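The structure appears right after this line, and notes come after that.
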Amino acid sequence: MIVPLLAPLEAVLFAAGSEGLSTQAISEVLEVSVDTVFELLTRLKSEYELREAGLEVVELAGAWQIVTRADCAPYLERMATAPSAPGLSQAALEVLAIVAYRQPITRGQVESIRGVQSDRVLQTLLHRQLVCEVGRQDSPGRPILYGTTPYFLQTFGLSSLEHLPPLPVLDETSEDISLFDLTPALPRD
Amino acid sequence: MIVPLLAPLEAVLFAAGSEGLSTQAISEVLEVSVDTVFELLTRLKSEYELREAGLEVVELAGAWQIVTRADCAPYLERMATAPSAPGLSQAALEVLAIVAYRQPITRGQVESIRGVQSDRVLQTLLHRQLVCEVGRQDSPGRPILYGTTPYFLQTFGLSSLEHLPPLPVLDETSEDISLFDLTPALPRD
Amino acid sequence: MSYEVSLEKFNGPLDLLLHLIRKQEIDIHDIPIALVTSQFLNYIRAMEELSLEIASEFLVMAATLLAIKSRMLLPRKAAAASDEETDNIDPREELVLQLLEYQRCKWAAGELKSREHLQSLIYTRPPLDLRPYHRDDPLPVEGVSLWDMVDAYRKLLLRVPKEDRVAEIKGHELSVEDTMSSILTRLRRWTKATFRELLGTVRTRHDLVASFLALLELVKIGAIHCTQASPFDDIEIILREEYA
C-alpha cells in the first residue's frame, strides 16, 4: 500500500536538499503517519543500497536527506568549484570533543581538562557555528555555558548527540590494558 | 563495462544541482568519451523510469540534470505552502543583515563572512521573498549576486535602503581600547 | 597563542606529558615522577635555548611535577602525620586522573577527526527553489523587527575572529551626518547617555572627530543638551523631547 508513496518521498527529499526534512515534516507533506514515514524511509534506503546508487538516504541532525555516496567522492572532487572549509586543528578538535561530550560546559571547565587556555579556539568554533552559547552557569560570575549546534551534527555525520561514539571507560584499576592501545575502532552506522 | 560508472554519474548529476552539467563536462569528470556518456545517460534515464522513481534525468538547455517528476508536483506544492515559522531564525536574520548591508553580494561572500555554509538559509530568504537575485558577478563561475527586495523594505518599515540603521559599532569591553583611557598615541586606522 | 606554534604538535603541558609517557612506554598509573620531571624540564630548557616563548601553563606544570616529586620523597608516615586526609594517597593520583581524562579527550578528538573526513566525502545539493510551486504572496514575517536584524549583525561581528574582523570594519568611515543620525538613533532608544557611553566605542581618530563634531552639531540644532554635575565628571547627553 505504501509503495506508491516512495516516489513522492524521493521527490520531496530531493527538493529539500541539504536542508533535509524531519520525519514530522515528511509525514505532513505526504499526509501519512510518522510510523508509515519510517517504513517508507527504510524502504527507500534499502532500495538505494540494492541498486548500488550513487546516492543514499541519511539522517543528519534529525533531518532526512539524500546525499552522494562517499565512494563517489573522487569524481565529485574533480567537479567541485567551491573550496571546502578548512579542516579543524588538533586543538579545535580537542575543545570540540570536550564540549560535545560534556555539554553544557564552561570555558573554564574545558581549560581545566585540556590544561591550556582555550579562548581563541573556542572563538573559532563559535564562528564556525560548531559550538554555541546555551546558557549561563548558576555560579559566581555566571560563566557562559557552551554546547554543540545542529551544524556540528551535520559536519560529523551524526543524526543526534546520542550517536556520538561512546568514550573509552576510564578504568584506573586495570593495569593490563594500556589506554594507549585503545585504537579507535571506527564505529559503523 | 560502463555499469560501474552509473553511480558516479548519478552522484555528479545530483551534486551539480539545478545548473546541470553538459555532456562534455560529464565526460571530463568521469574521464570517458562523450559517446560513453550518452550511453550512460540513456541507461540512467531508463533505470529511473523502470523503478518509477520520484526523479528523472532530463536535458535542459544543453545541461543534464536530475529533476523531480512532474506527477510529484502536488507534494512539492504542499511543501512550498507548508506554513513556515512566521519569524526568522537567528541564522536567517544574520544572512539577511549581511545581504542588506553588503548588497549586491554572492553566496560565497556571505559564507566567508559567516564562516559557515549558508545556501539553505539563503534559499529560505529567497523563498520568503526578502532577498532576490539581482545579477551575476563578473568573475569565474559568474556567481549569482543577491540583494534585498521591496518586500524586505516593506517588512521592516524602511522607505529605502538608505534608511537602514548605521552599522552597529563593535563594543568589546575586554580588549578594546577605550579612547578615554588612552595614552597619547591614538589607534591608527 | 605562540606556544601552539612553538611547541608544534603539543597542545599544552598535558599533551607533552602524555607524549613523554608514551615514548618511554611507561605505565600511566605508576609514573616514575623523577624521570618524567627531568624530561619535562629538559624540554622547557630546550625551548628556552631556542628563545621560544613558553606558555605559563608549561611552567605551572613544571612546578606541579616538582611538588609531586618532593612529596614522593617524604616518608609516607610523615606525610600522613602532617595531614590525615592525604593518608595513603599517592601524590601522583590527581595528575594521573587528569592525564587519563585528557587522554580520553584526545581519543574523542581523533574520533571526530575521522568522522569529519568521512563526512567531507559526502556531497549534498542546495534545496530546490520551490517558488514556482508557490503562487501566493510571501508569508508575512512576524515578531521580527529591524533591530533584531541589526542585533544579529552585531552578534555576528562579535563572533568573527579578531583577525578577520579588521577587514570587516575597515574602510567604514563615518560622516558627521551619519554619526549624527546614529547618535540620535541610540538616544531615541536610551533617552539619555553619558559622553563615555556614546563615544567609548569609537575606534579611530577619524570617527572620534566625526562623533565629536556630530555632538556639537546636535547641540547647535537643539536636538540634545548636555549637563555635567561637576568639572571632569562624565557629561550627560539628553535627547530633547521634540526629537524623541
Side-chain angles (χ1 to χ4, degrees), chain A residues 3-21 25-26 28-31 44 47-48 50-56 63 66-85 119 124-130 132 149-151 154-155, chain B residues 3-18 21 25-26 28-31 44 47-48 50-56 66-80 82-83 90-91 94 107-108 111 113-117 119-121 123-124 140-141 143 174:
Chain A
V3 174
L5 284 174
L6 273 177
L9 172 65
E10 192 179 23
V12 296
L13 282 181
F14 176 85
S18 53
E19 190 161 0
L21 282 175
I26 300 171
E28 278 160 27
V29 172
L30 299 187
E31 294 183 331
L44 192 65
E47 229 187 45
Y48 272 45
L50 264 174
R51 70 182 175 92
E52 291 177 29
L55 309 175
E56 59 182 334
I66 299 177
V67 298
T68 64
R69 239 179 42 193
D71 49 9
C72 293
Y75 300 96
L76 291 157
E77 272 160 30
R78 252 179 254 162
M79 74 170 225
T81 45
S84 51
D119 48 350
T124 307
L125 293 174
L126 278 167
H127 183 227
R128 293 191 56 177
Q129 295 192 16
L130 293 163
C132 64
T149 61
Y151 182 65
Q154 282 167 26
T155 306
Chain B
V3 174
L5 283 175
L6 273 176
L9 172 65
E10 190 179 24
V12 296
L13 281 182
F14 173 83
S18 44
L21 281 176
I26 299 172
E28 279 160 27
V29 171
L30 299 187
E31 292 181 332
L44 192 64
E47 230 188 44
Y48 271 48
L50 262 175
R51 68 180 177 93
E52 294 176 27
L55 309 173
E56 57 183 339
I66 299 177
V67 296
T68 57
R69 235 177 47 192
D71 51 8
C72 293
Y75 297 95
L76 296 181
E77 264 166 43
R78 221 179 284 157
M79 219 173 123
Q90 197 57 31
E94 210 174 275
R107 193 188 81 195
E111 289 176 347
I113 293 174
R114 293 188 69 214
V116 281
Q117 276 202 359
D119 48 354
R120 330 183 235 173
V121 185
Q123 195 64 47
T124 306
S174 54

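All figures in this text were calculated on a predicted structure; none of them were measured in a lab. Letters go in sequence order (proteins before strands), and every chain restarts at 1.
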Under 4.5 Å heavy-atom distance to chain B, tell me which part of [X] shows up: side chain, backbone, both or neither.
X	answer
A:E56	neither
A:I66	both
A:A25	neither
A:E31	both
A:Q129	both

Chain A contact via [X] - which portion, at a heavy-atom distance below 4.5 Å:
X	result
B:E47	side chain
B:Q90	neither
B:V67	backbone
B:R114	both

* Looking only at non-hydrogen atoms, find the nearest pair between A:S18 and B:D119 and report the distance. => OG-OD2, 3.7 Å
* Asked: Looking only at heavy atoms, which two atoms of A:T68 and B:A15 are closest? And how far apart?
  -> CG2-CB, 4.4 Å
* Among A:E19, A:E52, A:R51, single out the residue with the greatest number of heavy-atom pairs under 4.5 Å to chain B. => A:R51
* When only pairs under 4.5 Å are counted, which of A:T124, A:L44, A:V12 shares the most heavy-atom pairs with chain B? -> A:V12
* Checking A:H127 side chain against B:V116 main chain: does a donor-acceptor pair fall under 3.5 Å? -> no
* Asked: Pick from B:G54, B:A16, B:A73: which one has the most heavy-atom pairs with chain A under 4.5 Å?
  -> B:G54
* Asked: Which of the residues B:L6, B:L30, B:L9 is involved in the greatest number of heavy-atom pairs with chain A at under 4.5 angstrom?
  -> B:L30
* Nearest 0.5 Å, what's the CZ-CD distance between B:R78 and A:E28? -> 11.0 Å
* **Heavy-atom side-chain proximity of A:L76 to B:F14 below 4.5 angstrom** => no
